[in-house]
Peer 1: 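The structure's right below; bear with me while I get my questions together.
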Amino acid sequence: MSTTDTTAVGQGNTTPSGTSLLEVDDLHVEFKTRDGIVRAVNGVSYSVDSGETLAVLGESGSGKSVTAQAVMGILDMPPARIPSGEIRYRGQNLLTMSNEARRKVRGAKIAMIFQDALSSLNPVLTVGYQLSEMFRVHRGMSRKEAKARAVDLMDRVRIPAAKERVNDYPHQFSGGMRQRIMIAMALALEPDLIIADEPTTALDVTVQAQVMDLLADLQKEFHMGLILITHDLGVVADVADKIAVMYAGRIVETAPVHELYKNPAHPYTKGLLQSIPRLDQKGQELYAIKGLPPNLLNIPEGCAFNPRCPMAQEVCRHELPPLHEVTDDSGRPIAGRGSACHFWKETLHG
Amino acid sequence: MAETGEQGATAVGNAQGEPILQIRGLKKHFPLTRGVVVKKQIGAVKAVDGVTFDLYRGETLGIVGESGCGKSTVAKLLMNLEQATAGEVFYKGEDITKLSGRALQAVRRNIQMVFQDPYTSLNPRMTVGDIIGEPYDIHPEVAPKGDRRKRVRELLDVVGLNPEYINRYPHQFSGGQRQRIGIARGLALRPEIIIADEPVSALDVSVQAQVVNLLAGLQREFDLSYIFIAHDLSVVRHISNRVGVMYLGRMVEIGSDEQIYEHPTHPYTQALLSAVPVPDPDGREGRERILLAGDVPSPANPPSGCRFRTRCWKAQDVCAEIEPVLEVPERYQSEPGEPAAHPSACLFPEERDIVGTAE
């Protein structure tokens, strides 16, 4: 990694016009394993602006979390390697930055919320200590000051009786409360961007609703960008502004939320939407996408989805479809829409 | 308690024929102890605290509820994997909680279980053939020794796996395939009842539908009765004839899928339904959502009276004093044909269409 770029990022909070808050550009990530090279991310590009929610939708092994970890700079390298691609935060490439400069971005400017709050918190330290550590290390506050800020934060994420609970340990909190503490920790340094990796998957539905509600309110209040990584089509429909659907390490479809649900342009997205049992329609046989997600050691040639695709033709088995611009009936491109399918037109209209 | 159960049974339109399983006042309390050498019981976690319902032949009864509501403990009690603290489970008129040894073994042949996690419920050192065929070691009367490989191959075929995979090991399969192996093992003894505890929760969305379809197909083919335990309300609705909602060790509402999903009368059911994210962004701003305050209380120390009252927006003083009974609410008793007339354990039941508002 280059060490030439030592300009402190984040001093200026102004984004050069025309650049997004965060841009991932043709990112590739691979892992060296005993069985060979696993290509987890194969040319992913997406962007998110302040105040915007991007949902990255995909199943296990689609590369959605690995992309996020690359953005955060928390991939274990090796075994991971980033052979090419750029990740730009306010126009600056994070991947060529010095470790020191990167550290000033991580946590302070881009923060992450993980799925499993119990294993992400240190069980032998009180939550108050862990929260105030952020202020002591990054802001150089005194213990007392930092503790007071920790209580503020716990109040802000609506933990009842924050003052009394600040000296409790993680195991003394319920799952929903622990996830709130994770959110508090992510918010501590007032980041511009939050990456939430399956933040509510481990929670019960009623608690999930509370936590998503909280996250959406805070995002609005602080005008943050939010990247929500999930496999849950319901959660996505509730909060996303735009969606990137991933399959086998690639983005197969991008679209604004309403358009994606109304009129998907990729057979994989279409299949996913059809296979959800809807509360308002008790069907006979559920639509099921045939087959299994591919092994990343051995991604099918051509379009990775072709062995499972009902529309697959000969061309799909040989030629990798690029992310086509999706156009409306009169041929004008629809803003933000793309589909990596040779037959996106047929999918859109069929 | 038994009286409540009868009401529950008669009030439900879908149920036909005689019940194959009758659960009456089932309780499971796990003791909380203090002290290392001299253990003293200082309380009990009331995981299941008086649950009554019936399972009819050929039907699917869905049980929904959040973590800690006792739904998985109920499953274990029905298999007699846990010893019930109180209550009865009648299988064909026989109380299986009192059985042991050979008699219990005979009953268990007819009640099989499919577990949530296909990664931990299959022994990694056994081949698929041994895993699926293992039940025959315990019940040799079902398949004579020479016949077993053939039976296992048939089972693999039935659950949609290649019979050639018989000598493979679990790690060579994906999550969805492993769940099929678990289902094949559950079917091996040709049971009448299958208790499926979160059978699709660990699977990817695209694979979930395959397994749900498989379970539905097997039910038709083998005339199985299912108890389908899950927290995913849309999957439960899809597969269930009747649905029971549990909260903190109690059944709070039970009825046909239509009664529960379209005409819920218990506030907890309503909150649960409204919290489910609807996979349709249209109208998300206008959607009515009941946000419950706080968390589920500890089952070691449940609230007095109605257990939901600490989170209920309708709770009044009387809710702390009277424990509501699971029965058809008085206000709906005069109209037995109404969908709202189904058992609901609330002092102030009120029909509210949650799903309809989302349409």
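Order of the sequence lines sets the chain letters (A, B, ...), proteins ahead of strands, with each chain counted from 1.
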Peer 1: Looking at chain A, which one of G217(B), G175(B), A209(B) has the largest number of heavy-atom pairs inside 4.5 Å, strictly under?
Peer 2: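 Of the candidates given, the most pairs with chain A belong to A209(B).
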Peer 1: Against chain B, label P293(A) side chain, backbone, both or neither, depending on which of its atoms sit under 4.5 Å from a heavy atom there.
Peer 2: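 Just the side chain, heavy atoms under 4.5 Å.
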Peer 1: Assess the side chains of Y268(A) and E59(A): does a donor N or O sit below 3.5 Å from an acceptor N or O?
Peer 2: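 Present: a donor and an acceptor within the cut-off.
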Peer 1: Give a yes-or-no answer on whether the side chains of T200(A) and Q179(A) include a donor-acceptor pair shorter than 3.5 Å.
Peer 2: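 Per modelled atom types, T200(A) and Q179(A) side chains form no pair under 3.5 Å.
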Peer 1: Check each atom of R308(A) against the heavy atoms of chain B and say whether the ones under 4.5 Å are side chain, backbone, both or neither.
Peer 2: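 Only the side chain of R308(A) comes within 4.5 Å of chain B.
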Peer 1: Between the side chains of S339(A) and E253(A), does any donor sit under 3.5 Å from an acceptor?
Peer 2: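 Side chains of S339(A) and E253(A): no pair found under 3.5 Å.
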Peer 1: Inspect the contact between D168(A) and R165(A) and indicate whether a charged nitrogen and a carboxylate oxygen are less than 4.0 angstrom apart.
Peer 2: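 D168(A) and R165(A): salt-bridged.
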Peer 1: Considering only heavy atoms, which portion of Q177(B) lies under 4.5 Å from any heavy atom of chain A: side chain, backbone, both, or neither?
Peer 2: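 Interface part for Q177(B): side chain.
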Peer 1: Looking only at side chains, do E198(A) and H231(A) share a donor and an acceptor under 3.5 Å apart?
Peer 2: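 Per modelled atom types, E198(A) and H231(A) side chains form a pair under 3.5 Å.
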Peer 1: Can we say D49(A) and K242(A) salt-bridge, meaning some charged N sits less than 4.0 Å from an Asp/Glu carboxylate O?
Peer 2: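 Not counted as a salt bridge, because no side-chain N and carboxylate O are separated by less than 4.0 Å.
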Peer 1: How about M154(A) and V127(A): do any of their side-chain heavy atoms sit closer than 4.5 Å?
Peer 2: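 Of all side-chain heavy-atom pairs linking V127(A) with M154(A), at least one is under 4.5 Å.
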Peer 1: Using heavy-atom distances under 4.5 Å, tell me whether S67(B) contacts chain A through its side chain, its backbone, both, or neither.
Peer 2: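 Both parts, backbone and side chain.
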Peer 1: Who among A240(A), S275(A), G234(A) has the most heavy-atom pairs with chain B under 4.5 Å?
Peer 2: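 Answer, by heavy-atom pair count under 4.5 Å with chain B: G234(A).
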Peer 1: So which part of V212(B) gets closer than 4.5 Å to some heavy atom of chain A, the side chain, the backbone, both or neither?
Peer 2: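 The side chain, not the backbone.
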Peer 1: Chain A heavy atoms under 4.5 Å from L291(B): which part of the residue, side chain, backbone, both or neither?
Peer 2: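 L291(B) touches chain A through side-chain heavy atoms alone.
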Peer 1: Only pairs of heavy atoms separated by less than 4.5 Å count here; which of N295(A), D238(A), V235(A), V205(A) has the most with chain B?
Peer 2: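 Ranked by contacts with chain B, first place is D238(A).
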Peer 1: Which atoms of D213(A) come close to chain B, meaning under 4.5 Å heavy atom to heavy atom: side chain ones, backbone ones, both, or neither?
Peer 2: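 D213(A) touches chain B through side-chain heavy atoms alone.
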